[in-house]
Every structure is written in C-alpha cells, then in structure tokens.
Amino acid sequence: MEARKCLECSEPLRGRADQKFCSDYCRNSYNNKVDKDTKNLIRNINNRLKKNYKILSELNTKGKTKVSRTKLYDKGFDFKLFTSLYQTKTGNTYYYVYNQAYLELENELYLLVKLDD
C-alpha cells in the first residue's frame, strides 16, 4: 500500500484514511490556490459593482434625481457593469445596480431612481 501524502506539502499523513492535508495551514493554502484566477475575477467585478452602487447612492439621496453622464464618469462609474435590466412597455431600459437604477435620457442626462426596499 502506497503511503498517503499531504496535497500541499507532500508530508506523510497519519490519522484518518480520508485525510488529505497534514494541517489546517496546508488545507487553507491549497484551497486558496484552487481557482485563484476565477476568484480574483469575481472579487474584482464585485468591487466595481459596489463602487457603482456607492456612486448611485451618493448622487441619489432623494430616491429620484437627474445627473449628467460627466458627473457619473468623473466619480468613476462603470457603465458596463450592472446587475439587471428592466424594460418598460414604452421601451425605456433601466439599468439596475442592486436596488439603484439609472435610465439614459436626452443630452447625456441620466435619471437615477431607487427601488423601494
């Protein structure tokens, strides 16, 4: 029978037959390396979504307001990232970042609205 070894450091394992790691340190280290690139991508997107949400929340304190595209852009708003879309019967498209939404109007103006909790 072949000796079992830790998946992280290759030290011999003693104990349970289904044991994969010699210590909590090795288990954590191994799992942090698994899908590292995917986890980083998701973390980065979530951080950018949080930033968009924060910008919309700061500019829309009354529940409904109009702002210019320049103002959003200057604060670092990323127009490519949103959590959902809502299209009205009239064909208007609201872009949601969680419960904050924006609608593109004329002359590079945006209507910001907050969905009631």
Q.
Checking one residue: Leu59. Which other hydrophobic residues are in its cluster under the side-chain 4.5 Å linking rule?
A.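 Taking Ile, Leu, Val, Met, Phe, Trp and Tyr as members, Leu59 shares its hydrophobic cluster with Leu41, Ile45, Leu49, Tyr53, Ile55, Leu56, Val67, Leu72, Phe77, Phe79, Leu81, Phe82, Leu85, Tyr95, Val97, Tyr98, Tyr102, Tyr110, Leu112.
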With a 3.5 Å distance limit and no angle check, can you tell me whether [X] reaches the backbone of [Y] through a side-chain donor-acceptor pair?
X	Y	value
Ser84	Tyr96	no
Asn107	Leu109	no
Asn99	Lys114	no

Q. Can you check side chain to side chain contact (heavy atoms under 4.5 Å, CB included) on Leu13 and Cys6, steps first, answer last?
A. CA-CA 6 Å; Leu13 295 175; Cys6 176; 4.0 Å; yes
Note, [X] side chain near [Y] side chain (heavy atom, < 4.5 Å):
X	Y	answer
Asn40	Lys36	yes
Lys5	Pro12	no
Gln100	Asn60	yes

Drop me the distance from [X]'s [atom1] to [Y]'s [atom2], to the nearest 0.5 angstrom.
X	Y	atom1	atom2	value
Asp74	Arg69	CG	CZ	11.0 Å
Lys80	Asn52	NZ	CG	11.0 Å
Tyr86	Leu115	OH	CG	10.5 Å

Q: Please determine if Asp24 and Arg27 form a salt bridge, counting it only when a charged side-chain N lies under 4.0 Å from a carboxylate O.
A: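 Salt bridge flag = yes for Arg27 with Asp24.
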Q.
If only side-chain N and O atoms count, and only distance matters, is there a donor-acceptor pair under 3.5 Å linking Thr88 with Thr90?
A. yes
(Q) Is it true that, when you exclude Lys66 itself, more than 12 heavy atoms of the residues, nucleotides or ligands shown sit nearer than 6.0 Å to its NZ? (A)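 No, the 6.0 Å shell around NZ holds no more than 12 heavy atoms from other groups.
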Q. Tell me the side-chain hydrogen bond (donor to acceptor under 3.5 Å, both in side chains) pairs involving residues 8-20, sequence neighbours left out?
A. Glu8-Ser29, Glu8-Lys33, Arg16-Asp18
Q: Check the pair Val113, Leu111 against side chain to side chain contact (heavy atoms under 4.5 Å, CB included), reporting the backbone distance first and the verdict last.
A: CA-CA 7 Å; Val113 293; Leu111 175 66; 4.0 Å; yes
